[in-house]
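Numbers restart at 1 for each chain; the letters A, B, ... are given by sequence-line order, proteins then strands. What you are looking at is a predicted structure, and each value in this text was computed from that prediction instead of being measured.
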Amino acid sequence: MKYLGLIYAGLFRKKLRTFLTLASLIAAFSLLGLLQAVNSLFSGAADFLGASRLITQASTSFTQPLPMRMLPQIEAVPGVAAVNHSQFFGGQYQDGRGFFPQFAVNPQRLRDTYPEWVMDNESWLRFISTNDGTIVGRNLAEQYGWKVGDIVPLNSFIWTQAGGSRTWEWRVVGIFDGINEDWSQRANLMYLNYAQFDEARSGGKGLAGIFVVRISDPDESELIASVIDARFENSSDETKTQKESEFQLAFVRQLGDIGLIVNLITGAVFFSILFLTGVAMSQAVRERIPELAVLKCLGFTDRQVMGLVLAEAFALCLVGALLGMAVASVATGILPPEFPVRTDLRVWVIAGLSVVVLTLAVGLPPALAARRLKIVDALAGRGEPSAFERALRRLLGGRGEEARA
Amino acid sequence: MSRLTQIREITLMNLRSIPERLAPSLVIVVGIAGVVGVLVALLSMSAGLGQTLGNTGEPDQVVISRGGSQGELSSFLAVASMTLVKQDPAIARGPDGLPLASGELIVITEVPRPGQDTGANVSLRGIEPVGLALRPKFRLLQGRMFRPGVQEIIVGVGASRQFSGLEVGRELRFRGGRWTIVGHFESGGAYDSELWTDRETAQGAFGRPGVSSILARIKDPSLLPTMEARLKADPQLDVDVRGQDAFFAGQSGGLTATIGVLAGIVAAIMGIGATFGALNTMYSAVSARTQEIGTLRALGFGAAPVVASVMAEALLLSLLGGALGAALAYFAFNGYAVSTLGSGFTQVAFEFAVTPQLVMSGLFIALGIGFVGGLAPALRAARLPVTAALRG
């Protein structure tokens with residue numbers, strides 16, 4: 001602790017340089033925070049879903065609807081607690097700019113398969129008994145100002161009514177919340193009563209879509225999935241059953257290898273910043289060679305001097321990282337709830353590791369140089385150029401030496 | 001000495017001394033190379049996607065889909081509608097007197113990506129025999145054409161590269177049936193990401209009596225508006241009519257905009273970081289040369305040549321960095337084949353395209369950063385009082 005003053009003095013010896021280096025570090029770490037937050041979204045987004053639900057889809061593609069007759073067969077599989085069916089509706093509200101998903105489901109079965117959606121009993125009963133009923137997530141209802149009793153017209157780009165109209169009117173009968181914060185954040189979707197949907201659609205009657213299967217024991221998910229798939233093997237409706245989280249992940253993976261792109265950018269940023277900070281640090285140390293020699297004269301050991309230089313690098317990187325991550329956290333915090341990008345623990349861990357790597361990479365070479373420093377040479381101003389510099393000079397055919405001479 | 005000679009001499013002298021300050025000078029080069037490299041790489045992605053989708057259509061062909069559908073996937077047309085549309089007088093007729101129009105069925109299938117067990121959505125397109133005549137760029141690269149009535153598939157060249165298990169001779173299983181891959185084809189644009197088969201075979205196997213869309217050649221591109229008006233006015237039909245090129249080019253809009261925003265944010269933040277790096281370098285360059293500058297001023301050199309020399313150094317270094325970044329992006333990514341989700345909810349395979357315009361805009365940004373990073377240090381150099389500067 002008593003060396004804090006020395007570190008402080010070292011850093012503020014050239015205020016401008018420290019400030020500029022720090023600003024670069026802040027920019028780099030805020031970018032790192034933002035990018036890795038996006039990465040978190042794509043890699044571990046569905047963690048909160050757990051493994052208590054499976055999705056059974058047609059093996060050809062989830063857009064290929066499965067027939068309703070499969071429902072009792074899936075229900076009969078041991079270990080299955082409840083089954084719902086779900087059809088993507090593809091509706092647009094107003095000009096269709098604020099997209100939100102809607103699914104046509106069986107209301108009672110929805111209640112059985114998704115205990116995470118919370119709504120009072122009366123609303124559930126209304127949803128079950130209203131043919132053209134819909135329940136709306138809290139966030140969505142607040143966004144559009146919907147309340148129970150409103151009629152919401154949706155223009156489906158997939159489903160037409162038997163009469164030829166593409167506009168479907170749905171009566172809001174309830175507004176649901178999530179059971180915890182994770183789920184509340186995601187309460188921005190709509191469930192439609194399958195009864196009116198199936199009765200009125202012009203084609204595809206009797207088709208269920210995909211099946212949502214809640215199982216009693218999450219540890220048995222693999223087994224139950226394989227039993228369901230085996231049951232429909234070699235039929236014209238072969239199935240593929242996977243955990244709900246995997247199903248969601250597959251959706252995101254369709255976009256391509258986002259993780260790779262993000263990591264490539266992070267790598268480029270990190271390399272640039274490493275170089276920049278490294279040069280600034282070694283410059284700072286080289287300018288102070290006589291001062292470091294004085295420290296050694298005063299009785300500071302080689303290791304202490306080396307520690308001082310390393311501590312300076314660490315302090316610079318740490319402050320830069322903290323401020324940068326703060327910027328990233330604020331930026332992700334003000335994003336609307338449709339973009340659930342957050343600087344979570346994983347991002348902070350990555351930032352922390354980056355600080356350590358950066359400190360060693362930029363601090364160690366000048367720190368070792370400071371340690372090797374011979375008092376006599378240093379005081380006489382006979383500082384030796386760094387290894388990096390020597391290599392560069394050699395590369396350029398010693399032109400630097402000539403210029404110096 | 002005239003002012004211009006002054007500027008030239010002092011700038012040359014300055015540039016000759018760069019090797020002396022090699023490491024700090026490299027900060028500008030490396031920092032800006034990072035910014036430009038990332039920006040060009042990201043934008044080359046949307047440029048490549050735009051090129052692929054924009055390259056899909058012929059100017060005298062139209063796509064007819066269900067009214068209000070967003071793409072071929074969500075479009076359904078009954079056979080009766082298809083027959084009716086094909087009789088439109090604007091549609092050209094072949095030598096056999098039949099309309100040059102192909103009713104096509106799109107089904108989404110899942111094909112594994114290499115190294116992953118989750119599948120990627122790939123379009124399976126059932127076409128009519130006349131459909132080949134409507135794709136003049138079509139050619140078989142390998143194998144043979146599928147036969148009608150047999151479950152055989154030909155695979156687009158983009159799809160064959162991006163997904164695994166699509167080699168000629170392999171089998172795919174859809175809805176309990178086995179489909180043999182008998183050939184690879186190339187047709188340009190978005191079609192290269194698809195699997196093709198005979199339409200009627202697909203209709204039977206997937207239990208889909210109708211079609212998704214109709215591709216038709218019209219007698220003259222100028223007939224499109226009248227044809228659209230006629231079909232829209234027909235009470236038996238509910239269709240949208242769009243030019244084939246517009247239909248596919250429109251699909252890249254959303255993604256291109258998203259990538260543009262992402263690239264903008266990343267480049268802006270990196271650019272800020274690099275600007276501070278450039279400032280740092282140029283300030284230390286000026287402070288290293290304080291005595292030199294003082295001497296020049298004492299000899300009678302003006303402030304302008306000093307400013308110009310510092311700016312020239314900053315701009316040259318940043319141009320170098322920009323060129324390096326663009327070159328890195330070009331060699332690392334140009335032609336890099338990827339696939340992503342198109343608006344039809346199926347995969348579009350495309351290649352990154354580092355175009356000359358992208359390189360130019362990259363260099364432009366590099367110069368911008370160099371200008372901002374050099375200006376303040378240059379002004380400081382010019383304002384140095386001669387006596388103080390000489391003392392160092």
Side-chain angles (χ1 to χ4, degrees), chain A residues 16-17 20-28 30-31 34-35 58-64 90 155 157-158 160 164 166 203 233-238 240 242 246 249-250 253-257 261 264-265 268-269 271-273 275-276 279-280 282-283 386 388-389 392-393 396 399-400 403-404, chain B residues 16-17 19-20 22-24 26-27 30-31 33-35 37-38 41-42 45 66-70 73-74 76 107-110 113 116-121 173-177 205-207 210 238 265-266 269-277 279-281 283-284 338-341 345 347:
Chain A
L16 185 66
R17 180 167 56 213
L20 291 173
T21 311
L22 197 60
S24 300
L25 279 169
I26 292 172
S30 54
L31 197 55
L34 286 173
L35 287 171
S59 66
T60 312
S61 157
F62 62 86
T63 55
Q64 189 81 34
N155 211 338
F157 59 80
I158 304 176
T160 45
R166 281 194 301 276
E233 215 178 326
N234 286 323
S235 75
S236 61
D237 292 296
E238 284 187 302
K240 178 165 119 185
Q242 52 191 340
E246 283 169 6
L249 207 57
R253 287 216 185 114
Q254 297 271 355
L255 283 173
D257 206 342
I261 294 173
L264 277 177
I265 301 177
V269 173
F271 179 75
S272 312
I273 222 65
F275 196 83
L276 200 143
V279 169
S282 62
Q283 244 179 350
S386 71
F388 174 66
E389 229 168 309
L392 273 176
R393 291 243 159 78
L396 291 166
R399 273 170 55 206
R404 179 170 286 187
Chain B
R16 269 196 292 268
S17 73
E20 185 114 350
L22 208 50
L26 277 178
V27 166
V30 172
V35 180
V38 167
L42 279 175
M45 193 157 80
R66 181 178 63 86
S69 60
Q70 288 187 326
L73 170 67
S74 54
F76 314 101
V107 190
I108 295 191
T109 57
E110 275 189 18
R113 275 183 195 279
Q116 285 184 6
D117 50 352
T118 51
N121 287 351
R173 287 178 66 88
F174 301 136
R175 293 193 34 108
F206 287 89
D238 173 22
I265 295 173
V266 171
I269 301 179
M270 281 188 83
I272 293 171
T275 308
F276 285 117
L279 276 171
N280 218 348
T281 305
Y283 271 124
S284 50
V338 289
S339 73
T340 187
L341 202 59
F345 219 75
Q347 294 288 320

Measure the [atom1]-[atom2] distance between [X] and [Y] for me, rounded to the nearest 0.5 Å.
{"X": "A:Leu31", "Y": "B:Ile269", "atom1": "CG", "atom2": "CD1", "result": "5.0 Å"}
{"X": "B:Thr281", "Y": "A:Arg17", "atom1": "OG1", "atom2": "CZ", "result": "11.0 Å"}
{"X": "A:Phe62", "Y": "A:Lys240", "atom1": "CZ", "atom2": "NZ", "result": "9.5 Å"}

Considering only heavy atoms, which portion of [X] lies under 4.5 Å from any heavy atom of chain B: side chain, backbone, both, or neither?
{"X": "A:Arg166", "answer": "side chain"}
{"X": "A:Leu25", "answer": "neither"}
{"X": "A:Thr21", "answer": "both"}
{"X": "A:Leu22", "answer": "neither"}
{"X": "A:Ile26", "answer": "neither"}

Of all heavy-atom pairs linking A:Ala280 and B:Asn280, the shortest is CB-ND2, 4.3 Å
Which bit of [X] comes within less than 4.5 Å of chain A, counting heavy atoms only: side chain, backbone, both or neither?
{"X": "B:Ser284", "value": "side chain"}
{"X": "B:Tyr283", "value": "side chain"}
{"X": "B:Phe76", "value": "side chain"}
{"X": "B:Val35", "value": "neither"}

Those residues at least two apart in sequence (or on a different chain) that pass side chain to side chain contact (heavy atoms under 4.5 Å, CB included) with B:Ala205 are B:Gln151, B:Trp179
Indicate yes or no for a side-chain donor-acceptor contact from A:Ser272 to the backbone of B:Gly31 under 3.5 Å, with no hydrogens or angles considered.
-> no
Sorted by chain and residue number, the side-chain hydrogen bond (donor to acceptor under 3.5 Å, both in side chains) partners of A:Asp237 (sequence neighbours excluded) come out as A:Arg69, B:Arg175
No-hydrogen, no-angle side-chain donor-acceptor test under 3.5 Å, A:Ser61 and B:Asn121: no
Looking only at B:Val107, B:Asp238, B:Val266, most heavy-atom pairs under 4.5 Å shared with chain A are made by B:Val266
Assert top hit (heavy-atom pairs under 4.5 Å, partner chain B, pool A:Ser236, A:Ala58, A:Ser30) equals A:Ser236
